[in-house]
There are 2 protein chains.
Amino acid sequence: MSEPQSSRANLSIGDVSELTGSSIDTIRYYERVNLMPEVERTSGGHRVYTDEHIRRLAFIRHSRALGLSLEQIRQVVDGTEGGSYSCEEWQSLLNLCAEGIVRQIDDLRTAERNLREMIDACGQAELPNCRVVERLLAGEIPQ
Amino acid sequence: MSEPQSSRANLSIGDVSELTGSSIDTIRYYERVNLMPEVERTSGGHRVYTDEHIRRLAFIRHSRALGLSLEQIRQVVDGTEGGSYSCEEWQSLLNLCAEGIVRQIDDLRTAERNLREMIDACGQAELPNCRVVERLLAGEIPQ
DNA sequence: AAACAAATCTGGAGCTACTCCATGTTCCGG
DNA sequence: CCGGAACATGGAGTAGCTCCAGATTTGTTT
Ligand SMILES: [Zn+2]
Ligand SMILES: [Zn+2]
Ligand SMILES: [Zn+2]
Ligand SMILES: [Zn+2]
């Protein structure tokens, strides 16, 4: 029956924005797509935030930095609200995410390699009409 | 005064799609955003493509695979039409692009590292209520 | 209390690079 | 000439925000 020490803060959206580093628009966006807990309003309609919102925002930011999609974050949030989020679920979510990231890195590395090849192909030439571009446009560099 | 050997092909959009591997919608999209040369029409309005379109599409595909944005590709295409595209321009474009890719790779690697840490933190535990998730939601894992 | 500026509100559009859809028209083989 | 495949158009949807205009609220200063 001990009260958790917080949930009272009375912050404006501008305060929250400064505290968390998320833009005001982003914070409202998260609310629109149901990632934020319900938020109180003043009589005039301005949003009033509590510590809980700050924590939720931090969670979203950290999860986004991990590469999770908003949909995945929603899963976790909804999961923990409507019960529990097990280690199994959490680990499989993160593993899935890690796989995606590895794939993306691979793709980017391939792109980088091809880019370097193109740069090399152009080489030290300093022509007003790049031969590489001409050949690319002419379809002479296939595959 | 020798004719270049092509520019006559009379292909339907479906043919072009099969030949290049770009979808019909994508081909029409490239036309809408001014990446394709003007395309003739039959009396009924169906598009009729030539070899030039095939080459342009190949150029777009290759450039996209290198990681260039449509805007960057447009720069090259417009540049070569209204004059020349120099090695200097080409190399600086590609270098710019390469830098962006390297940045993306770095970001993704950071994300992967953090993900692995999270997975480790959850560890071998098989709890119905993951402690890591709880702590993340509670804001106990800061920074 | 009145005025004023700063902050916030809403709804909507815009961004990238496509993809998908409904509805209507054209093309082509038999 | 007819049926079905291919094609046309316009518009909406995707992710994850960002930006805008125009109206309202809030907090401070006179
Ligand atoms: Zn766990
Ligand atoms: Zn190719
Ligand atoms: Zn060159
Ligand atoms: Zn943080």
Side-chain angles (χ1 to χ4, degrees), chain A residues 10-36 38-49 53 56-57 59-77 96-97 100-101 103-104 107-108 111, chain B residues 10-36 38-49 53 56-57 59-77 96-97 100-101 103-104 107-108 111:
Chain A
N10 270 54
L11 299 159
S12 74
I13 197 168
D15 297 336
V16 175
S17 174
E18 272 188 41
L19 276 171
T20 65
S22 305
S23 83
I24 291 180
D25 276 328
T26 299
I27 297 169
R28 281 196 284 244
Y29 174 70
Y30 288 158
E31 181 184 340
R32 260 211 341 272
V33 298
N34 299 315
L35 275 172
M36 292 290 278
E38 281 198 14
V39 56
E40 300 286 319
R41 303 289 188 122
T42 66
S43 55
H46 286 201
R47 292 170 175 83
V48 182
Y49 292 92
H53 297 94
R56 176 65 59 87
L57 256 180
F59 177 68
I60 295 173
R61 280 177 67 82
H62 296 155
S63 304
R64 294 282 304 137
L66 287 176
L68 299 197
S69 69
L70 295 190
E71 178 54 35
Q72 290 173 321
I73 297 173
R74 205 187 334 267
Q75 274 176 41
V76 178
V77 165
L96 207 71
C97 195
I101 288 180
R103 253 197 312 277
Q104 286 181 64
D107 289 352
L108 285 173
Chain B
N10 271 54
L11 298 159
S12 73
I13 197 168
D15 296 337
V16 174
S17 175
E18 273 188 41
L19 276 171
T20 64
S22 306
S23 82
I24 290 180
D25 277 328
T26 298
I27 297 169
R28 280 196 284 243
Y29 174 71
Y30 287 157
E31 181 184 340
R32 258 209 347 269
V33 297
N34 298 316
L35 275 172
M36 292 290 279
E38 282 198 13
V39 56
E40 301 286 317
R41 302 289 187 123
T42 65
S43 55
H46 286 203
R47 291 170 177 82
V48 182
Y49 293 93
H53 297 95
R56 175 67 57 89
L57 257 180
F59 178 68
I60 296 173
R61 282 177 65 82
H62 295 155
S63 303
R64 293 281 304 135
L66 287 175
L68 300 197
S69 69
L70 294 190
E71 179 53 36
Q72 290 172 321
I73 297 172
R74 204 185 338 266
Q75 274 177 42
V76 178
V77 164
L96 208 70
C97 195
I101 288 179
R103 252 196 314 277
Q104 287 181 63
D107 289 350
L108 284 174

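In what follows, every chain begins at residue 1, and chains take the letters A, B, ... in the order their sequences are listed. Any value given below was found using the heavy atoms of this structure, including those in side chains, with hydrogens, waters and symmetry copies removed.
- For DNA chain D, the span of nucleotides reached by chain A at under 4.0 Å from its heavy atoms goes, 5' to 3', from dG16(D) to dT26(D).
- Atom-to-atom, CD1 of I73(B) to P of dA17(C) comes out at 8 Å; the value is rounded to the nearest Å.
- Nucleotides of DNA chain C nearest to R41(A) and G44(B) differ in position, and the one nearer the 5' end is that of R41(A).
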Using a cutoff of under 3.5 Å, can you pull out all pairs of nitrogen or oxygen atoms linking the protein to nucleotides 18-21 of chain C, with atom names and distances?
| residue | atom | partner | partner atom | Å |
| --- | --- | --- | --- | --- |
| dC18(C) | OP2 | Y30(B) | OH | 2.9 |
| dC18(C) | OP2 | R64(B) | NE | 3.2 |
| dC18(C) | O5' | Y30(B) | OH | 3.4 |
| dT19(C) | OP2 | S23(B) | OG | 3.4 |
| dT19(C) | OP2 | T26(B) | OG1 | 2.6 |

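- For D107(A) (side chain) and Q104(A) (main-chain N/O), no donor-acceptor pair under 3.5 Å exists by modelled atom type.
- The only option from I27(A), N34(A), T26(A) that meets the side-chain contact (heavy atoms from CB on, under 4.5 Å) definition with Y30(A) turns out to be T26(A).
- For the pair H46(B) NE2 and dT25(C) P, the interatomic distance rounds to 12 Å; values are reported in whole Å.
- With values rounded to the nearest 0.5 angstrom, L57(A) atom CG is found 10.5 Å from E31(A) atom CD.
- Atom-to-atom, CD1 of I13(B) to P of dC27(C) comes out at 14 Å; the value is rounded to the nearest Å.
- A salt bridge links R74(B) to E71(B): one of the charged nitrogens lies within less than 4.0 Å of a carboxylate oxygen.
- One can place CZ of R61(B) at 14 Å from C1' of dA17(C), the figure rounded to the nearest angstrom.
- Between the CD atom of E38(A) and the NE2 atom of H53(A) there is a distance of 8.5 Å, given to the nearest 0.5 Å.
- Between L68(B) atom CG and dT16(C) atom C1' there is a gap of 15 Å when expressed in whole angstrom units.
- Distance CG/L108(A) to CZ/R103(B): 12.0 Å, rounded to 0.5 Å.
- For dC9(C), one of the phosphate oxygens OP1 or OP2 lies less than 4.0 angstrom from a side-chain nitrogen or oxygen of R47(A).
- One N or O on the side chain of T42(B) and one on the backbone of H46(B) form a donor-acceptor pair closer than 3.5 Å.
- Side chain of S22(B) to backbone of S17(B): no donor-acceptor contact under 3.5 angstrom is found.
- Across the protein-nucleic acid pair, L35(B) atom CG and dA17(C) atom P stand 10 Å apart, rounded to whole Å.
- In this structure, R61(A) contributes its side chain and T20(A) its backbone to a donor-acceptor pair below 3.5 Å.
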